[in-house]
Amino acid sequence: MFDITGKRFKFFLISGLIILAGIVSLLTFGLKSGIEFSSGSILTVTFEGEVSNAQVKQEITSLGYANVIVQSTGKGEFLVRTHELSGEEKTSIEDALTRKFGVLSETEFYSVSPIVAAETAQNAVIAVVVATIGILLYVTWAFRRMPKPFHYGTCAIIALVHDALVALGVFSILGGILNWQVNLMFITGILAVIGYSVNNTVVIFDRIRENLKMGASADFETVVNNSLVETLGRSINTSLTTLIVVLALLLFVGASIQNFVVVLIIGIIAGTFSSVCIAPTLLVVWDKGEWGRFIRWFPLPRAKA
Amino acid sequence: MLRKNTVVLILLLMLFGFALWAILPLDGQRFGREGLRLGLDLVGGVHLVYEVDYPEDATAEDKATNIDRAINTIMNRIDKYGVTEPIIQQMGADRILIQLPGFTDIDVAKSLVEQTGFLEFREVELNSEGKPVYLSDYLESAENKFIDAKEKGNRIFVGENGNPIVFLSLKDGTLHFMDAEGKPIDKETLKGEAAQAISWIPARGDTDTQLTGLFLSEAVSDIQQGATGTEAQVDITWNQEGAELFDQIAKRLYNSAVYGSPQRALGIFLDDRLISDPQILEPAYHGKAVITGNFTVQKAVELANLLNSGALPMPLKKPPLYQEKVSAILGANFIDKSAMAGVIGIILVMLFMIAYYRIPGLLASLSLIFYGALVLAIFKLWPVTLTLAGLGGFILSIGMAVDANVLIFERMKEEFRTGRTLGAAIEAGFNRAWSGIRDSNVTTFIVCAILYWLGSSIVASAPVMGFALTLFIGVAVSMFTAIVATRMLLRLFVGSNLAKKTSLFSVDQGKK
């Protein structure tokens, strides 16, 4: 029989380190916000002739767009990000590029006004907060017949915040390296991860609930550990099947929802880890009143394992 | 028990047959639905959100009627372009959402929507001697009143290309000079070329009613053989009141001066821009009129469409709050790729399930096929707008769909190990796994509902709404197929001979 709960402080240490790395990255790279949250325009153009990134950038800068960001996204294809463009400004940019580099086709155009960007950012925050509270309430309610139902809700939320933090951190590292930006789909990915992670946690809690009811053991830690081991097969298999399809999504659909899919992948892995190793073991910590160990910080697991 | 199971089997087979009939072929017509409804990111298209510009004194009631009228007007304009299933709807109190799948020319789309389309007729202002009034007359005069004091409406002065350069209005006893954006202009800056612009006042019939597009009954684009080759024009038919007004004005102008003098011109203004100023050639036109003005054929068609759909009750603020244009080239690829991802995903999951759970895995795979058909049928018949992210939600739900099965099978194995018969283990597995399946999926539903709200709240983001909706449908259907279909198949199977080989259930391995 695996002893999962006994290794709880090792798990906390692993998670802590990953999240710490993420936070360091968040502080150094930050998160780059897409135009959905910060307003602006993105114009994707494809040239028939050979043009370099620097040439495009220079031409647009010379038109007075000092802050333009030009990214090369494919053969002869460039993504041009500026402040919010009016119809005339867009036409003048395209005309100038055509005069300089020959025929171009406009494949995509996005433009978000500051009003909409501010509202979107605000609603994204509301969505995350409401989702978190909603889940806390639901989990507490679902385990209302248990002693201390609030513990279950809170531990599920901690696991969920853990997954969101890991996803944010990894995304910030990728943002720093690959220039990925946070957009509405990223928030969608985070919320999907939250839902998925809680889903796993609840299944395990459900088993704890059942085993406690049957009175299998008087020791809470043993009950939790047994429940974890019993559901381990399911936890791993479900994550595997989900990972399989998400990988298929990444490999075959690729580019345009890449960020979203990567958030899902990170989230699924983190979510599985937190549902098994964090949320239930935190129940044990809480039950035993071991919170003090976090404050004194690890004099690493004392012979517990 | 067995008989009840047979009933379930027959019902499920019927449902499966129905789902297959609905989705095969995918682009076949069923209940008036042809094919799946694809979002902008898959078929390309334009997505716009506008804020309307109500007058400051508009009441809530006015706003509600006007925004409805504006939406109808925009719909009429777009109708002519054969866009399949355009979405034009109100968002919040003062926004209009426009989605045009398959229509990728964002500039045409914007001009189609943005143009107020206000058609009015004007004539030249005359001074007391019956001579035309020019901007210079106003600039030189120190008096704060209109030269033709009878006419209280604003004056428009246009430049060479017909665009308005100055609006002159009389308010609180003072003359106000304003530019096209409504900003005040200093009189001094207007001296020079602009001073030669003629003053246009509203053309009114004998009863003081101004002739506008409101009196139009129909506008048709037309090609005429002119002196300089073919010329596109727009033929107008007035309604009865309009015909009378027009003839009253035509008669007055016809008698005012000789052919060729500015007094005899009728100014045709669209959204304050002079599109042409033909000379009146007859004293009466009997309900017909023609607008010419160096149009291309396409412009004439657009103008006729604009005039027929009527004017927007109020202008829209420019640029739009949100604009998005995706070309169809991008989309074509994605549909195939997503289909491939879906098929490969399903196959891999099936292989995994069969390898790990043997017979139950195989049965779960059968339910998965059932699941796929059912979900696609719902997508098609609802219809759900499928976007790339929506397909992602669907594919993700495949992974999650087997979750209920996994939960049940793991449970079954445990029950079997405790010494129950296979049949009893199956029943116990289902019953015991149910609370976990239910509670865990509710959290996903909560997230889907919030996501849907987030997506629809500001710009009706199709990807976010699509993802939330497909994931929701996917998870809901997966609960149904796992609880009903897989269970039915397992029960059927228990009755057969194969059930004696417990190794096929991967439950003889003892401890895993």
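Chain letters run A, B, ... following the sequence lines, proteins first, then strands; residues in each count from 1. Excluded from the calculations below are hydrogen atoms, water molecules and symmetry mates; all remaining heavy atoms, backbone and side chain alike, are included.
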Residue by residue, which of residues 451-465 of chain B have a heavy atom closer than 4.5 Å to a heavy atom belonging to chain A? Leu451(B), Trp453(B), Leu454(B), Ser457(B), Ile458(B), Val459(B), Ser461(B), Pro463(B), Val464(B)
For chain A, the option from [options] that forms the most heavy-atom pairs under 4.5 Å:
{"options": "Ile346(B), Thr104(B), Thr443(B), Thr444(B)", "answer": "Thr443(B)"}
{"options": "Asp403(B), Ile450(B), Ile437(B), Val49(B)", "answer": "Asp403(B)"}
{"options": "Leu48(B), Leu348(B), Val447(B)", "answer": "Val447(B)"}
{"options": "Val442(B), Asn405(B), Val402(B), Ile106(B)", "answer": "Val442(B)"}
{"options": "Ile398(B), Leu407(B), Val46(B)", "answer": "Leu407(B)"}

Quick one: pull up [atom1] in [X] and [atom2] in [Y] and give me the separation to the nearest 0.5 Å.
{"X": "Thr231(A)", "Y": "Arg411(B)", "atom1": "OG1", "atom2": "CZ", "value": "9.5 Å"}
{"X": "Ile35(A)", "Y": "Glu324(B)", "atom1": "CD1", "atom2": "CD", "value": "9.0 Å"}
{"X": "Phe352(B)", "Y": "Leu240(A)", "atom1": "CZ", "atom2": "CG", "value": "5.0 Å"}
{"X": "Ser113(A)", "Y": "Gln323(B)", "atom1": "OG", "atom2": "CD", "value": "9.0 Å"}
{"X": "Thr241(A)", "Y": "Met353(B)", "atom1": "OG1", "atom2": "CE", "value": "7.5 Å"}
{"X": "Ser440(B)", "Y": "Tyr196(A)", "atom1": "OG", "atom2": "OH", "value": "10.5 Å"}

Check each atom of [X] against the heavy atoms of chain B and say whether the ones under 4.5 Å are side chain, backbone, both or neither.
{"X": "Ile115(A)", "result": "side chain"}
{"X": "Glu230(A)", "result": "both"}
{"X": "Val112(A)", "result": "both"}

Check against side-chain contact (heavy atoms from CB on, under 4.5 Å), Leu396(B) and Thr242(A): CA-CA 6 Å; Leu396(B) 183 65; Thr242(A) 316; 3.5 Å; yes
Any donor-acceptor N/O pair, Lys325(B) side chain to Leu43(A) backbone, under 3.5 Å: no
What verdict does the side-chain contact (heavy atoms from CB on, under 4.5 Å) test give for Leu388(B) and Phe260(A), after you've listed the backbone C-alpha separation in whole Å, the side-chain angles of each residue and the deciding distance to 0.1 Å? CA-CA 11 Å; Leu388(B) 206 49; Phe260(A) 172 66; over 6 Å; no
Which answer fits [X], side chain, backbone, both or neither, if we ask what part of it has an atom under 4.5 Å from a heavy atom of chain A?
{"X": "Ile446(B)", "value": "side chain"}
{"X": "Leu321(B)", "value": "both"}
{"X": "Asp107(B)", "value": "side chain"}

Val326(B)/Tyr110(A) under side-chain contact (heavy atoms from CB on, under 4.5 Å): CA gap, chis, key distance, verdict: CA-CA 9 Å; Val326(B) 191; Tyr110(A) 289 87; 4.2 Å; yes
Can you give me the closest heavy-atom contact between [X] and [Y], atom names plus distance?
{"X": "Ala389(B)", "Y": "Met185(A)", "value": "CB-CE, 3.1 Å"}
{"X": "Glu84(A)", "Y": "Pro319(B)", "value": "OE2-CG, 3.7 Å"}
{"X": "Asn237(A)", "Y": "Glu410(B)", "value": "ND2-OE2, 3.5 Å"}

Option in [options] with maximal non-hydrogen atom pairs under 4.5 Å from chain B:
{"options": "Thr238(A), Ile204(A), Leu247(A)", "answer": "Thr238(A)"}
{"options": "Ala192(A), Ala127(A), Ala131(A), Ser239(A)", "answer": "Ala127(A)"}
{"options": "Asn123(A), Val128(A), Val198(A)", "answer": "Asn123(A)"}
{"options": "Leu243(A), Thr201(A), Asn199(A), Asp206(A)", "answer": "Asn199(A)"}

Any Lys/Arg nitrogen of Arg209(A) or Asp439(B) sitting under 4.0 Å from an Asp/Glu carboxylate oxygen of the other? yes
Lys318(B) bridged to Glu88(A) by N-O distance under 4.0 Å: no
Any pair counted as side chain to side chain donor-acceptor pair (under 3.5 Å), so long as it reaches residues 181-195 of chain A, sequence neighbours left out: Arg81(A)-Gln181(A)
Apply salt bridge (charged side-chain N to carboxylate O under 4.0 Å, His left out) to residues Glu414(B) and Arg207(A) and explain how you reach the verdict. CA-CA 13 Å; Glu414(B) 283 174 49; Arg207(A) 182 55 76 94; 3.0 Å; yes
